A.B. asks: 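Below you will find the structure I want to go over with you.
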Amino acid sequence: MNWASWTTLGVFAGTGGVRTEEAGVVSGDLTVHTTWTEKQAEVAVQYSGASDWFTLAGSPVPCPSEGESRALHQSVVEAVRAGGGATVPAPYSVA
């Protein structure tokens, strides 16, 4: 089984934060984590330094390669910084 993961610490969510499945909208200093296995990527956020992870709305998403999962992760980091109730950004979102 192929897999990869990406983590970015200290991402400050823009005004309006990000939308999660478990906790609704979260904001502030966040850690963003993407895990890719085979052809799917899962994206989660947590308050930096906390232990609880929250699934970003729109995750998991189809993702055909490790390279695309890295690009997805960077897109998510940028979306978190933009805020506005961010979710997994298009074209990754299947919602």
Side-chain angles (χ1 to χ4, degrees):
M1 174 187 286
N2 294 325
W3 71 276
S5 67
W6 315 99
T7 303
T8 303
L9 307 169
V11 181
F12 194 82
T15 302
V18 300
R19 196 162 33 111
T20 69
E21 297 295 332
E22 300 86 359
V25 174
V26 297
S27 60
D29 185 7
L30 303 174
T31 297
V32 178
H33 182 79
T34 302
T35 303
W36 174 77
T37 53
E38 299 295 317
K39 297 185 189 293
Q40 179 173 281
E42 297 180 15
V43 183
V45 296
Q46 74 176 176
Y47 290 107
S48 292
S51 59
D52 293 330
W53 287 95
F54 305 110
T55 305
L56 190 64
S59 175
V61 295
C63 194
S65 70
E66 182 177 340
E68 283 217 24
S69 72
R70 179 65 180 108
L72 166 65
H73 179 79
Q74 189 57 44
S75 293
V76 169
V77 168
E78 292 167 13
V80 169
R81 287 183 177 135
T87 62
V88 174
Y92 302 101
S93 178
V94 294

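Note: hydrogens, waters and symmetry copies are ignored here, and every other heavy atom, side chains too, is used. It should be emphasised that the depicted structure is a prediction, and the values quoted were computed from it without experimental measurement.
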A.B. asks: Start with the C-alpha gap between Val76 and Val45, add the side-chain angles, then the distance that decides, and say whether side-chain contact (heavy atoms from CB on, under 4.5 Å) holds.
C.D. replies: CA-CA 10 Å; Val76 169; Val45 296; 5.5 Å; no

A.B. asks: Taking all non-hydrogen atoms of both residues into account, name the closest pair between Ala79 and Ala86 and its distance.
C.D. replies: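 In this case the closest contact between Ala79 and Ala86 is O-CB, 3.3 Å.
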
A.B. asks: Side-chain atoms of residues 1-14: list all donor-acceptor pairs with protein atoms under 3.5 Å, sequence neighbours left out, distances to 0.1 Å.
C.D. replies:
| from | atom 1 | to | atom 2 | distance (Å) |
| --- | --- | --- | --- | --- |
| Trp6 | NE1 | Ser69 | OG | 3.1 |
| Thr7 | OG1 | His33 | ND1 | 2.6 |
| Thr8 | OG1 | His73 | NE2 | 2.7 |

A.B. asks: In the single-linkage hydrophobic clustering (I, L, V, M, F, W, Y; side-chain heavy atoms under 4.5 Å), do Val80 and Val26 co-cluster?
C.D. replies: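 Val80 clusters together with Val26.
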
A.B. asks: Hydrophobic cluster membership, with links at side-chain heavy-atom distances under 4.5 Å among I/L/V/M/F/W/Y: are Val32 and Val25 in one?
C.D. replies: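 The answer is no; the residues belong to distinct hydrophobic clusters.
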
A.B. asks: Can you tell me how far OG1 of Thr35 sits from CD of Glu42, rounded to the nearest 0.5 angstrom?
C.D. replies: 6.5 Å

A.B. asks: About how many Å separate CZ of Arg70 and OG of Ser75, when rounded to the nearest 0.5 Å?
C.D. replies: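 Interatomic distance, Ser75 OG to Arg70 CZ, rounded to 0.5 Å: 10.0 Å.
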
A.B. asks: Under 3.5 Å, which donor-acceptor pairs do the side chains of residues 51-60 form with other protein atoms, sequence neighbours left out?
C.D. replies:
| from | atom 1 | to | atom 2 | distance (Å) |
| --- | --- | --- | --- | --- |
| Thr55 | OG1 | Glu22 | OE2 | 2.9 |
| Ser59 | OG | Val43 | N | 2.8 |

A.B. asks: Return the CG to OH distance between Asp29 and Tyr47, rounded to the nearest 0.5 Å.
C.D. replies: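 Rounded to the nearest 0.5 Å, the CG-OH separation comes out at 11.0 Å.
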
